K.L.:
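One structure, as structure tokens, below. Some questions next.
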Amino acid sequence: MLKIENFTIQEIHDALSNRDFSCTELVNDSLERIEKLDKKIRAFINVTPESALLKAASVDSKISKKIALKPLEGIPYSAKDVFCTKGIVTTAGSRILENFIPPYDATVIRNIDEAGAILIGKTNCDPFGFGSSTENSGFFPTHNPYDIERVPGGSSGGSAAAVASRMGVFSIAEDTGGSIRYPSALCNVSGIKVTYGRVSRHGAIAYGSSLDTVGHMARNVEDVALIMKYTAGHDRYDSTTVDIGVPEYSKEMKHSIQGVQIGLPKEYFQVKGFDLEVKRTVLEAADTFDNLGCHIEEISLPHSEYAIAAYYLSAISEVSANLARYDGIRFGYSKTDAKTLDELYALTRSDGFEDEVKRRIMLGTFALSAGYYDAYYKKAMQMRTLLKGEIDEAFKRVDIILAPVAPKLAFKIGEHENDPLSMWLEDIFTNGLNPTGCPGLAIPAGFSKSKLPIGMQLIGPHFSEHLLFRLGYHFQNSTNFHEIFPDILENMEE
Ligand code: GLN
């Protein structure tokens with residue numbers, strides 16, 4: 001095995017360029033880790049060794065001809081299985097798309113491929129991103145590398161577990177209501193939920209189109225910032241992307257954080273059932289920022305208790321519309337022996353969708369239906385406006401908000417099995433952000449006594465990713481939580 005656990009992308013790039021190891025060795029290293037670890041972790045739905053090794057060979061031939069490599073060239077990565085990959089099965093974590101092969105690449109995949117990174121596989125997730133633990137996947141649950149009896153978080157649990165166990169260097173994932181930040185926190189990786197409109201959603205299988213964002217996970221903030229250089233920006237295939245300049249994140253990140261004003265939302269710290277160890281760890285992180293020259297103050301986000309309801313109502317309403325396309329005719333699974341068209345729709349959707357998917361379609365349809373629309377969907381939209389107004393007010397006082405990510409430590413697989421609502425409540429600190437469109441960066445903040453990772457999130461105004469990276473980068477320069485690897489990696493050679 002290559003000893004690259006603590007290498008940044010830049011360091012791997014230098015090592016490739018100096019021929020310390022070849023790109024083929026690097027890709028084989030990721031594939032070997034998958035071979036050894038993924039029987040237990042189950043982060044991948046599909047691995048793509050042939051195409052990965054072919055690409056690695058062409059990078060090696062470039063190196064031998066002394067052609068300079070681009071910064072991401074030859075770096076192995078994974079992608080959550082909600083991104084369309086041309087010619088490669090893309091399931092969205094649902095049985096209804098079990099055999100679906102997209103005819104084109106999502107823009108984010110195309111951009112990353114053009115930057116030279118090498119796709120090694122597609123990662124497991126809750127179907128269409130519906131969940132917080134990866135247990136809702138139509139295939140199998142993913143396990144947390146820090147304790148394989150526990151969940152890695154979700155819905156991008158496969159991506160987080162893959163990055164945490166170095167099966168690939170980074171992962172492309174998606175956050176509609178916490179799906180990047182929550183698993184990042186539970187698996188001790190760094191993950192960015194970008195400003196809505198910053199990264200193209202073209203080719204990302206839709207969950208809630210007004211909330212969906214495409215982001216990245218890696219072992220440290222430096223890498224996340226580097227990746228985003230290649231994915232942020234306008235895309236003519238996604239009219240919600242914004243045509244404003246993309247900052248030099250990797251340079252910006254190194255600027256001083258002296259005098260940055262950080263707000264701690266008091267309501268977050270008063271939530272019932274909030275684990276005391278998590279709370280203490282996030283407050284200790286605030287002290288670290290204080291020592292680094294930032295100013296910490298308490299702020300108020302008075303409507304945050306309604307965020308979870310506003311989020312779920314808007315998300316599932318969009319689900320009921322977005323998932324109408326899986327009808328047994330256009331994509332994926334089809335119950336071909338149905339006798340009538342109506343039967344084809346009904347049987348395809350009953351067989352192909354997982355319980356959580358059906359639950360959301362039914363609830364979303366109800367929330368939008370005549371007579372209930374005003375009471376549910378419209379109220380959720382009004383709350384969304386209030387939440388955005390309230391966070392804008394907060395950003396008049398502070399530059400950044402520091403908050404917990406998960407209210408508890410990673411829970412045991414099966415713990416929420418019979419109570420879907422209790423699973424939805426795990427999102428209390430994460431999904432309120434998506435209705436505001438603001439970006440959030442989740443980074444490791446510490447560990448529990450039981451050695452489980454604890455994360456925190458830095459939240460900023462629209463298009464403030466550069467500032468989030470700056471704070472995250474300086475925090476990681478003065479702490480080493482992000483470098484504490486799961487024991488499973490150390491025992492791999494046995
Ligand atoms: N737990 C959230 C949900 O189930 C996560 C959604 C997401 O970000 N994809 O809706």
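Just follow the structure's listing: the first ligand is 1, and inside any ligand the first atom is 1. Hydrogens, waters and symmetry mates play no part in the numbers below; they use all other heavy atoms, side chains included. Remember, predicted model here, so these are calculated numbers, not experimental data.
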K.L.:
Strictly by ring pair (Phe, Tyr, Trp, His ring centres under 6.0 Å), give each pair with a member in residues 180-217 just once, sequence neighbours left out.
P.N.:
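Sorted result for residues 180-217: Y104-H202, F130-Y207, H202-Y237.
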K.L.:
Tell me, please, which residues at least two apart from E305 pass side-chain contact (heavy atoms from CB on, under 4.5 Å).
P.N.:
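E305 satisfies side-chain contact (heavy atoms from CB on, under 4.5 Å) with no other residue.
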K.L.:
Within the 3.5 Å criterion, strictly below it, is a donor on T134 or T142 matched to an acceptor on the partner's side chain?
P.N.:
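Short answer, no.
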K.L.:
Measuring centre to centre across the rings, with the benzene-like ring taken for any Trp, is Y326 within less than 6.0 Å of F128?
P.N.:
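Yes, the ring centres sit under 6.0 Å apart.
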K.L.:
Mind checking whether F274 and F269 have parallel, tilted or perpendicular rings, split at 30° and 60°?
P.N.:
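Ring orientation, 0 to 90° scale: tilted.
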K.L.:
In chain order, what residues pass the side chain to side chain donor-acceptor pair (under 3.5 Å) check against T213, with sequence neighbours excluded?
P.N.:
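Once residues adjacent in sequence are excluded, T213 has no partner under the side chain to side chain donor-acceptor pair (under 3.5 Å) criterion.
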K.L.:
Protein residues near ligand 1, heavy-atom distance below 4.0 Å?
P.N.:
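G129, F130, G131, S132, S155, E174, D175, T176, G177, G178, S179, Y207, Y311, Y312, R360, D427.
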